Peer 1: 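The structure's right below; bear with me while I get my questions together.
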There are 2 protein chains.
Amino acid sequence: MAPTQTGSARVRVAVPSVAERVAEELRYQLAEGMLLPGARLTEATIAEDLGVSRNTVREAFAELASERLVVRQPNRGVFVATLEAGDIHDLYTVRRAIEVSSIRGGGSAERVAAVRAAVDEGKRAAAAEDNDALGSANQHFHGAIVALAESKRLDTIMKHVLAEMRLYFHKATADAHFYSGWLEENDAICAALEAGELERAGELLLAYLNRSEEQQLTVHGE
Amino acid sequence: MAPTQTGSARVRVAVPSVAERVAEELRYQLAEGMLLPGARLTEATIAEDLGVSRNTVREAFAELASERLVVRQPNRGVFVATLEAGDIHDLYTVRRAIEVSSIRGGGSAERVAAVRAAVDEGKRAAAAEDNDALGSANQHFHGAIVALAESKRLDTIMKHVLAEMRLYFHKATADAHFYSGWLEENDAICAALEAGELERAGELLLAYLNRSEEQQLTVHGE
DNA sequence: GATCGAAGAATCGTTGAACAATTCGACAAT
DNA sequence: ATTGTCGAATTGTTCAACGATTCTTCGATC
């Protein structure tokens, strides 16, 4: 038996803390629609369900609150975030800022290839008529666009924005997918990017985001 | 007298929780340079110093970590964030994305007036040769630009970015202020904004951010 | 004398229990 | 119908404890 860790690289394995795993589980349930907007999250209940202490649940809540997935009401409890007036516009304002800026900056060949890969992923999902996979592919596409900028901070911001969108537009977007024109649109955006026509790629992306916002606004009457 | 609460808005008083106040205090000390990058923050020590429990300190840490002001190293402790390679570029990438996008969208007369007010604030600080006030005014200027977009989310993102910049460039920016050209630059940007020349305002702002990044890069040898 | 390893101290991660403060719901009184 | 009161439920916070991990010290070995 090896007395010390010879040979194998000394990797920081960093097992996620319990609080982190609780947050992860809740994020999953939020994205999957098991916890709907407005639902109350009682500390004691969740602590018992997941077999952890209340304090740990509390830490997880703090994390989710910082991501705007839940809202803390002092002395009242934690609730799954609900769509307030202006939130849709707000989310798309953030997306326009960081996605358009990212695509206008271009990116390395690898990053561009990742965008292309997301486009293909969408096409496969469409061919397989897998609606869930379609949604994921679209998120990968936009995530890959932001990844062009190679910015840790923009990446996490985008991650949080997409998590919010999953929460709010969970199944409602099934309708939006009926208009499957965005698949070809993604392709066109990606093509412009690959051709180095960054300005045009930015315009196309902006147009997409504006239209997408309008769609969501009509679906969620506002 | 009104029988029910007619007229006055129903405000949630919401006394900040203890954890929130602890986070606020630490944020203050970080911005003020009392806690320098790399410094270790021991839970027990801070708990005792501020007269709160370790668990409460923990919650405050979680909040600060989500803002990237401190870094958690599992089982090792919490440290004031340090400037890693690429962080300066990263921060300016975020600023370029949200500031330029915001100014290009223009804003209401009130919001534009707020930008102008920040410019004037800077001029007064310069006249009074108050270096601290100069730094604050500059931050208010850029905060006001993002506020043009009227987006909660962009506002908090910008708040976090500025907090990071205060942490890293606390006193080092005193040098950068020697080149006081940015005062007139802010004025020019604001003028373009007021004149509705949004495209040009965006260009000016972008140029400023690029130059500012380079300055910081040279100051913090990289 | 430098390297290695093992015992011990310090700190973190997490738990469980406790208690005051606040909110909520029901029920009675005006 | 509004107000007031009481009790139950939940949150905010503290405290004490313990295993696990990291850091430090200090010998032992080569």
Side-chain angles (χ1 to χ4, degrees), chain A residues 1-26 35 38-66 69-82, chain B residues 1-8 10-27 35 38-66 69-82:
Chain A
M1 184 148 327
T4 83
Q5 287 226 0
T6 49
S8 74
R10 186 129 171 39
V11 189
R12 276 248 166 269
V13 63
V15 172
S17 72
V18 176
E20 190 54 51
R21 288 198 308 262
V22 171
E24 193 54 49
E25 171 64 22
L26 291 176
L35 294 173
R40 177 174 197 168
L41 303 181
T42 305
E43 293 182 358
T45 307
I46 295 194
E48 198 168 5
D49 285 359
L50 301 182
V52 300
S53 90
R54 248 183 80 206
N55 278 332
T56 301
V57 172
R58 230 143 190 295
E59 281 199 40
F61 281 172
E63 195 167 328
L64 297 177
S66 84
L69 295 178
V70 303
V71 172
R72 270 200 139 118
Q73 298 195 12
N75 281 312
R76 298 212 37 237
V78 173
F79 300 82
V80 178
T82 59
Chain B
M1 179 98 37
T4 82
Q5 285 229 359
T6 48
S8 78
R10 187 136 168 32
V11 189
R12 273 243 168 267
V13 178
V15 172
S17 72
V18 175
E20 191 53 50
R21 288 197 309 260
V22 170
E24 193 53 49
E25 170 65 19
L26 291 175
R27 258 191 290 259
L35 294 173
R40 179 175 195 165
L41 301 180
T42 306
E43 293 182 358
T45 306
I46 295 194
E48 198 169 3
D49 285 359
L50 301 183
V52 300
S53 89
R54 250 182 79 209
N55 277 336
T56 303
V57 171
R58 232 145 189 295
E59 280 199 40
F61 281 172
E63 195 167 327
L64 296 177
S66 83
L69 296 179
V70 303
V71 173
R72 269 200 143 121
Q73 298 194 15
N75 281 312
R76 297 210 41 232
V78 173
F79 300 82
V80 178
T82 61

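Here is the naming used below: chain letters follow the sequence lines, and residue numbers restart at 1 for every chain. Please read these numbers as outputs of a predicted model, since none were measured by experiment.
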Peer 1: Among residues at least two apart in sequence or on other chains, which ones pass side chain to side chain contact (heavy atoms under 4.5 Å, CB included) with A/Glu24?
Peer 2: A/Arg27
Peer 1: Nearest-Å distance, CD (B/Glu20) to P (D/dG12)?
Peer 2: 12 Å
Peer 1: Quick one: B/Leu50 CG to D/dT13 P, roughly how many Å, whole number?
Peer 2: 14 Å
Peer 1: Of all residues at least two apart in sequence or in a different chain, which pass the side chain to side chain donor-acceptor pair (under 3.5 Å) check with B/Gln73?
Peer 2: B/Arg76
Peer 1: For C/dT15 and A/Arg54 - does any side-chain N or O of the residue sit under 4.0 Å from the phosphate oxygens OP1/OP2?
Peer 2: no
Peer 1: Measuring from the side chain of B/Arg58 (C-beta onward, heavy atoms only), which nucleotide among C/dG13, D/dT14, C/dT15 has the closest atom?
Peer 2: C/dG13
Peer 1: With sequence neighbours excluded, tell me which residues meet side chain to side chain contact (heavy atoms under 4.5 Å, CB included) with A/Ala65.
Peer 2: A/Val70
Peer 1: Residues in side chain to side chain contact (heavy atoms under 4.5 Å, CB included) with B/Ala62, at least two apart?
Peer 2: B/Arg72
Peer 1: Return the CD1 to OG1 distance between A/Ile46 and A/Thr56, rounded to the nearest 0.5 Å.
Peer 2: 12.5 Å
Peer 1: Which of these nucleotides, C/dT14, D/dG12, C/dC24, is closest to any side-chain atom of A/Arg76?
Peer 2: C/dC24
Peer 1: Does B/Glu43 have any side chain to side chain donor-acceptor pair (under 3.5 Å) partners at least two apart in sequence or in another chain, and if so, which?
Peer 2: B/Arg54, B/Arg58
Peer 1: When you match A/Asn55 and A/Val78 each to their closest nucleotide on DNA chain D, which lands nearer the 5' end?
Peer 2: A/Val78
Peer 1: Rounded to the Å, how far apart are A/Gln73 CD and D/dT11 C1'?
Peer 2: 12 Å
Peer 1: Using a heavy-atom distance cut-off of less than 4.0 Å, which residues of residues 38-48 of chain B contact DNA chain D?
Peer 2: none
Peer 1: Starting at atom CZ of A/Phe61, determine the distance to atom P of D/dT10, rounded to an integer number of angstrom.
Peer 2: 13 Å
Peer 1: What is the distance from CG of B/Asn75 to P of C/dT11, rounded to the nearest Å?
Peer 2: 14 Å
